[in-house]
Amino acid sequence: MKRIFIVVFALFCFGVKAQETSSNEVRFPAADPSPADIVYFPLNAPKAKDATKPVIKIVYSRPQRKGRDIFGVLEQYGKVWRFGANENTEVQFFKKVTIGGKKIKAGTYSLFAIPNKDSWTIIVNSQTDKWGAFSYDQTKDVVRTNVPVRALAKPIEYFSLTFVAKDGGANLIIGWDKTQAELPITF
């Protein structure tokens, strides 16, 4: 009987110790279904072996279409949208830029959009480090500008951003589902 008690007691202590070890293990979050990404202008700025410096850096999350209709359905026309997924999309200007005729100082800002069928209102806002458009504050808008959109023949699965160089600046190209928009930026 004494031996059984010792064995049971030892197993009990071992079980408690095993639980302590596993409860101290760090639990990492699962991979996000809308992965974060970064786009620079110039596009090669972070990889350049010469003295190329970035002018613009955008950090954003890339939601997927997953067979859904996006603009006008999932992202309703006429309503502020976070310009991606998860945390607000943030743009960093490394020098002064002009958007929609307004000069914007170097710094970090958030991007929002109000999608409509034929045009979008692109919003540069001074509030950063927020999630979604739930706490969007229109009083912190730095600039709002309307840009035309065009329909794409082939849908884009992931919300995507890139830049195309132009004289005196760049156009931010925005694409998702069957929609593409361009935001002219000069510097």
Side-chain angles (χ1 to χ4, degrees), residues 29-41 43 54-93 97-105 107-164 166 169-186:
D32 197 293
S34 298
D37 206 347
I38 300 172
V39 64
Y40 287 89
F41 183 83
L43 294 173
V55 178
I56 305 169
K57 174 184 177 182
I58 300 178
V59 178
Y60 68 110
S61 290
R62 301 184 68 187
Q64 297 173 61
R65 183 172 175 254
K66 296 181 181 175
R68 303 174 290 184
D69 289 326
I70 303 301
F71 298 109
V73 181
L74 180 66
E75 299 302 338
Q76 296 178 5
Y77 290 141
K79 294 197 176 186
V80 173
W81 169 53
R82 73 179 97 185
F83 208 73
N86 304 329
E87 293 83 8
N88 300 123
T89 292
E90 290 189 358
V91 59
Q92 182 176 6
F93 300 119
V97 301
T98 301
I99 296 176
K102 174 144 180 161
K103 292 182 194 258
I104 301 172
K105 295 187 287 186
T108 302
Y109 303 89
S110 58
L111 290 175
F112 295 91
I114 301 173
N116 288 297
K117 185 174 180 166
D118 299 318
S119 68
W120 285 9
T121 301
I122 305 291
I123 304 165
V124 178
N125 186 283
S126 64
Q127 187 175 16
T128 60
D129 300 309
K130 297 292 182 182
W131 196 93
F134 306 107
S135 61
Y136 166 73
D137 183 351
Q138 184 174 348
T139 65
K140 297 189 180 192
D141 287 355
V142 175
V143 67
R144 284 179 168 228
T145 189
N146 290 325
V147 298
V149 297
R150 69 180 187 98
L152 300 172
K154 183 179 175 187
I156 299 171
E157 181 63 26
Y158 281 88
F159 174 66
S160 300
L161 301 177
T162 194
F163 287 102
V164 173
K166 65 173 191 162
N171 285 350
L172 172 62
I173 311 299
I174 306 134
W176 193 23
D177 191 15
K178 298 174 190 167
T179 303
Q180 180 176 307
E182 286 188 39
L183 176 65
I185 304 170
T186 56

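- Of the inter-residue distances, the one linking Asp177 atom CG with Arg68 atom CZ reads 9.5 Å to the nearest 0.5 angstrom.
- Residues Trp120 and Thr179 form a side-chain contact, since some pair of their non-hydrogen atoms from C-beta on lies under 4.5 Å apart.
- A distance of 6.0 Å or more separates the ring centres of Phe163 and Tyr40.
- In this structure, Trp81 has its ring center no closer than 6.0 Å to that of Tyr136.
- Counting only heavy atoms from C-beta outward, the side chains of Lys178 and Arg65 approach each other to under 4.5 Å.
- Within 6.0 Å of NZ in Lys166 there are more than 12 heavy atoms belonging to other residues, nucleotides or ligands.
- When only modelled atom types and interatomic distance are considered, Asn146 and Thr121 share a side-chain donor-acceptor pair under 3.5 Å.
- Using modelled atom types, one finds no donor on one side chain facing an acceptor on the other under 3.5 Å when comparing Gln127 with Asp137.
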Q | side chain to side chain contact (heavy atoms under 4.5 Å, CB included) evaluation trace for Lys117 with Tyr77 | A | CA-CA 7 Å; Lys117 185 174 180 166; Tyr77 290 141; 4.0 Å; yes
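- Distance check: Leu183 CG to Leu161 CG gives 10.5 Å after rounding to the nearest 0.5 Å.
- Between Ile58 and Thr89 the shortest side-chain heavy-atom distance falls below 4.5 Å.
- Pro63 places none of its side-chain heavy atoms less than 4.5 Å from the side chain of Asn86.
- Separating the NZ atom in Lys140 from the NZ atom in Lys130 is a distance of 7.5 Å, to the nearest 0.5 Å.
- Looking at heavy atoms from C-beta onward, Asp141 lies out of side-chain contact with Val124 at the 4.5 angstrom threshold.
- Between Val143 and Ile123 there is no side-chain heavy-atom pair separated by less than 4.5 Å.
- The shortest distance between side-chain heavy atoms of Asp69 and Leu74 does not fall below 4.5 Å.
- We find the CD1-CD1 distance between Ile122 and Ile114 to be 9.5 Å, quoted to the nearest 0.5 Å.
- Of the inter-residue distances, the one linking Asn88 atom CG with Thr128 atom OG1 reads 8.5 Å to the nearest 0.5 angstrom.
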Q: Show the numbers, then the answer: is there a side chain to side chain contact (heavy atoms under 4.5 Å, CB included) between Ile56 and Val91?
A: CA-CA 7 Å; Ile56 305 169; Val91 59; 3.6 Å; yes
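- Interatomic distance, Glu157 CD to Arg62 CZ, rounded to the nearest 0.5 Å: 10.5 Å.
- Residues Ile174 and Phe83 meet the side-chain proximity criterion, which asks for heavy atoms closer than 4.5 Å.
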